[in-house]
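Right, one structure below, let's go through it.
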Amino acid sequence: MEHLMEYYVDQWKSIIANCLNELAFQKELKDAYLSSQDIIAEKPPRPEFGDIGFPMFSYAKQFRMPPARIAAEVANVCNIKTDTEKPIWPGTVKTAGPYINIYLDKKYVANYVLENAEKEFWESSPLFNGRRIMIEFSCPNTNKPLHLGHLRNNVLGESLSRIMKEAGAEVKKVNLINDRGIHICKSMLAYLAYGEGRTPEDEGLKSDHFVGKYYVLFNRLKDEDPSAEEKAQELLQKWEAGDADVIALWEKMNNWAVEGIMATYRRQKVSFDEFDFEHETYKLGKEEVLEGLARGIFYRAEDGSIQVDLEDIGLGKKVLLRKDGTSIYITQDIGTAIMRYNRWPFHELVYVVASEQQYHFKVLFEVLRRLGYNWAENLYHLSYGLVNLPSGRMKTREGTVVDADDLIDELTRLAANEIADKRREEAVGDIKDVAEQVALGALHYFLLQVSPAKDMLYNPEQSISFTGDTGPYIQYMGARASSILRKYKNGEGNANQGKINVSLIVSDSDWSLMRLLIEFPHTIEQSAKNKDPSILAAYTHQLASEFSVWYRDNPVLNNDNPDISASRLAFVIAIRETLRRASNLLCIPFLDAM
RNA sequence: GCGUUCGUAGCUCAGCUGGAUAGAGCGACGGACUUCGAAUCCGUAGGCCGCAGGUUCGAGUCCUGCCGGACGCACCA
């Protein structure tokens, strides 16, 4: 089953094409043949112009007529044609100057929406059917806890995964834990210097925060011991050599870090299908590079390192393997990509990684292409911008990094205060839990609302606000819809004595919402196609906002007419369901009460 | 310097891939609660869409140049 809006538009495109061809035939214009793909459809800017618009400008040349006249004549042909061959999805054809506008049959659409509110209308889109899409995101270092930047990464990856899945794809979420390297050795060194064998429990710290504390302490160590950097390097070499003591310490601290990070994932409600660990993958790719060297794709530089020359496409020269034969970042990424493809041949692999690594991914993709992997065409770097705060940029050294757990704590506290202020304790039940769901809704919506490519400003106060363009606002509207249903189920109102009659929900204000509902699948496809949850975020806010206006003007249960009650109730069910689905795709917890 | 990217209301952001009078939210000002939750809603004010060219019937959207910001240009990740 095609989606309603798509189906409508495609159908009308082909009708308009037929009518244009008919007109061309009548005018004996032989070269004017058009297929439905040539027809440009548009969403009219105002409701008076109907539901689908077709501008006629571009046909003026071949028809040698002014656009307005083409519109008039085509509309004529259409009206005759639709009389004889009735479209499956009915509508009325009108003109407005150079535009042909289609007015959909409101009763027909209303009937469709109500009948399918919880059924196939909401089924996943066919756009990505059968597509295997791998999405890599998060990829934390295990020397410190997650911060605000990771939260944007996580929610982008998680939301995009859900959207792609909703659009029909088979999605595999993967995470590569960076659990080795010089940064971890720094935490280890500082722990050796100041830790005195203590554990996170001893200090009452979440385990990843405990590790992070020693990473910060490394700066102090550097001041006290000028050779600290060198010692960290030594530690890394010992680690690579398999020194038992070093490995044991690494395992201990690494587990603490990973354990804490996983706890944050659970809290943020993001999850992964597969984890890879750098300590297992960091040597991958070396053979590939050596083989590329043997095949003459790469070359050995004078200093002994193996490099690739990408000057011809403006990417310069890039080292792929150190002169001592050891792997670097890009070496292992080459190996990891190949391993992943062999393990699960994907149609597309999306890397959700900050924009600062754009160059890296260009090189990586090009190297894989030159190695002859044709699937390298299907690698995609979803580059996203930095998250800044109203107070300025986050900097580790200045201690202005916003910790992920602390931020969620703070947002939760603010939400709990609000619940208390509004005297909603009894209605919500578990305040702490609901407050945290509101905190997540606030955080996630705010982070997703901005197009990924852009740097953004995160304003915690504004994000948690219950009015305006925020997550809690969307949650509130969902809760209001739920509240109406709850009252109905408790026997309030007389909807159960009425019969659903679609002609009772075709007013202008009904129609505005109805149209939004049928655009939901199309919006998901747009989001999936563009890999951009912000499109869906904007849609969801609009849906919530229009529902807010609608329920103020259209009493559902408080209505003398049982048929109106029943019909509006069915409508509320459809709206609530859409809001619930949309919220879920945006990682905004749906709440029945807040 | 080179590359990538962004520049839209006082602030934070949209603008459906080139179409009809450029939209939201916040903030400001003014209104609406004996009626399904006022954590809401309505109204008003606020714009040479960074600047200048170009393509087009038509440009916030595409191409070029300039200006301004961000991020890259490691045998770090």
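- Closest to the side chain of A:D455, out of B:A70, B:C16, B:A39, is B:A70.
- Side-chain contact annotation: A:D510 with A:S507, donor-acceptor N/O pair under 3.5 Å present.
- Sorted by first and then second residue, the pairs that involve residues 308-321 of chain A and meet side chain to side chain donor-acceptor pair (under 3.5 Å), not counting sequence neighbours, are A:D312-A:R370.
- Under the 3.5 Å distance criterion, the side-chain polar atoms of A:N494 are left unmatched by any main-chain donor or acceptor of A:Q497.
- For A:T523 (side chain) and A:E519 (main-chain N/O), a donor-acceptor pair under 3.5 Å exists by modelled atom type.
- In this structure, the CD atom of A:E42 is 17 Å from the P atom of B:U61, given to the nearest Å.
- Base engagement by A:A479 is indicated by at least one non-hydrogen atom pair under 4.0 Å involving a base atom.
- Judged purely by atom type and a 3.5 angstrom limit, A:T331 has no side-chain atom pairing as donor or acceptor with the backbone of A:G285.
- Whole-Å rounding puts the A:F547 CZ to B:A24 C1' distance at 20 Å.
- Distance A:Y384 OH to B:C71 P: 15 Å, rounded to the nearest Å.
- Atom CG of A:D560 sits in a sparse spot, with 12 or fewer heavy atoms from other residues, nucleotides or ligands closer than 6.0 Å.
- Residue-level contact check: A:N143 touches neither bases nor backbone, having no heavy atom under 4.0 Å from any strand.
- The list of ring pair (Phe, Tyr, Trp, His ring centres under 6.0 Å) pairs with a residue in residues 316-335 of chain A, not counting sequence neighbours, reads A:Y329-A:H360.
- Under the salt bridge (charged side-chain N to carboxylate O under 4.0 Å, His left out) criterion, A:R576 pairs with A:D592, not counting sequence neighbours.
- The separation between A:L543 atom CG and B:A24 atom C1' is 15 Å, rounded to whole Å.
- With B:G19, B:A39, B:C16 as the candidates, the nucleotide lying closest to the side chain of A:K43 is B:C16.
- Counting any heavy atom pair closer than 4.0 Å across all strands shown, A:P44 reaches a base atom.
- Listed by first then second residue, pairs satisfying ring pair (Phe, Tyr, Trp, His ring centres under 6.0 Å) with a partner in residues 529-550 of chain A read A:Y473-A:H541, A:F520-A:Y539, A:F547-A:Y551, A:W550-A:F571, not counting sequence neighbours.
- Distance from the side chain of A:Q449 is smallest for B:C13 among the nucleotides B:C13, B:G72, B:A20.
- The interatomic distance linking A:I419 (CD1) with B:A38 (P) rounds to 17 Å, in whole Å.
- No aromatic stack links A:Y473 and the base of B:A39, using centre distance under 5.5 Å and interplanar angle under 30°.
- If you take CG of A:L414 and C1' of B:A39, they are 14 Å apart, rounded to a whole angstrom.
- Taking the side chain of A:V450 as heavy atoms from C-beta on, and the options B:A77, B:A14, B:A20, the nearest nucleotide is B:A14.
- Less than 4.0 Å separates RNA chain B from at least one heavy atom of each of the following residues of residues 276-283 of chain A: A:E278.
- In A:N490, the CG atom is crowded: over 12 heavy atoms of neighbouring residues, nucleotides or ligands sit closer than 6.0 Å.
- Here the C1' atom of nucleotide B:A70 and the CD atom of A:Q357 are 16 Å apart, to the nearest Å.
- With hydrogens and angles disregarded, no donor-acceptor distance shorter than 3.5 Å links the side chain of A:R486 to the backbone of A:A593.
- A:D532 places a side-chain N or O within 3.5 Å of a backbone atom of A:S534 that can act as its donor or acceptor partner.
- Glycosidic conformation at B:C66 (O4'-C1'-N9-C4 for purines, O4'-C1'-N1-C2 for pyrimidines): anti, more than 90° from 0.
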Dot-bracket summary - RNA chain B, pairs being Watson-Crick or G-U whose distances fall under 3.5 Å, with | when paired to another strand: (((((((..((((.....[...)))).(((((.......))))).....(((((..]....))))))))))))....
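- Counting any heavy atom pair closer than 4.0 Å across all strands shown, A:A593 reaches a base atom.
- Contact annotation for A:M594: base contact, defined as any heavy-atom pair under 4.0 Å involving a base atom.
- The backbone N or O of A:K144 sits nowhere less than 3.5 Å from a side-chain atom of A:D208 that would complete a donor-acceptor pair.
- If you find the closest nucleotide of RNA chain B to A:V319 and to A:A96, the one lying nearer the 5' end belongs to A:A96.
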What protein N or O atoms touch nucleotides 25-36 of chain B N or O atoms at under 3.5 angstrom, if any, and at what distances?
| from | atom 1 | to | atom 2 | distance (Å) |
| --- | --- | --- | --- | --- |
| B:G25 | O2' | A:D469 | N | 3.0 |
| B:U35 | O2' | A:N558 | ND2 | 2.9 |
| B:C36 | O4' | A:N558 | ND2 | 3.0 |
| B:C36 | O2 | A:L557 | N | 2.8 |
| B:C36 | N3 | A:V556 | N | 2.8 |
| B:C36 | N4 | A:Y551 | O | 2.3 |
| B:C36 | N4 | A:N554 | O | 2.9 |

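- In this structure A:E48 satisfies the salt bridge (charged side-chain N to carboxylate O under 4.0 Å, His left out) test together with A:R46, sequence neighbours excluded.
- Ring planes of A:Y282 and A:W239: tilted class, angle from 30 to 60°.
- Side-chain polar atoms of A:D469 and A:Y445 form a donor-acceptor pair below 3.5 angstrom.
- Residue-nucleotide stacking is not present for A:Y359 and B:G3, judged by a side-chain ring centre under 5.5 Å from the six-membered base ring centre and planes under 30° apart.
- Between B:G18 and B:G60, the distance separating the two P atoms is 13 Å to the nearest Å.
- A:K317 has its NZ atom 13 Å from the P atom of B:A74, to the nearest Å.
- Of the candidates B:A39, B:A77, B:C71, B:C71 carries the atom nearest the A:E356 side chain, counting heavy atoms from C-beta on.
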What protein N or O atoms touch nucleotides 55-59 of chain B N or O atoms at under 3.5 angstrom, if any, and at what distances?
| from | atom 1 | to | atom 2 | distance (Å) |
| --- | --- | --- | --- | --- |
| B:C57 | OP1 | A:K61 | NZ | 3.2 |

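- Between A:H279 and A:W250, the two ring planes are perpendicular [angle over 60°; tilted spans 30° to 60°].
- Remark: the backbone N or O of A:G50 is not paired with any side-chain donor or acceptor of A:N101 at under 3.5 angstrom.
- Side chain to side chain, A:S565 and A:N559 fail the donor-acceptor criterion of an N or O pair below 3.5 Å.
- Residues from residues 175-189 of chain A that place a heavy atom under 4.0 Å from any atom of RNA chain B, listed by number: A:N178, A:R180.
- Side chain A:D333 to base B:A77: no donor-acceptor pair is found below 3.5 Å.
- Using atom C1' as the reference point in both B:C48 and B:A39, the two lie 40 Å apart (nearest Å).
- Comparing A:S355 and A:Q307 against RNA chain B, the residue whose closest nucleotide sits nearer the 5' end is A:S355.
- Under the salt bridge (charged side-chain N to carboxylate O under 4.0 Å, His left out) criterion, A:E278 pairs with A:R180, sequence neighbours left out.
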Sub-3.5 Å pairs of nitrogen or oxygen atoms, protein against nucleotides 4-11 of chain B:
| from | atom 1 | to | atom 2 | distance (Å) |
| --- | --- | --- | --- | --- |
| B:U4 | O2' | A:Q358 | OE1 | 3.1 |
| B:U4 | O2' | A:Q358 | NE2 | 3.2 |
| B:G7 | OP1 | A:K454 | NZ | 3.2 |

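- Between A:S451 and B:A14 there is a side-chain N or O to OP1 or OP2 distance below 4.0 Å.
- Looking at A:N459 and A:F446, their side chains come closer than 4.5 Å, going by heavy atoms from C-beta outward.
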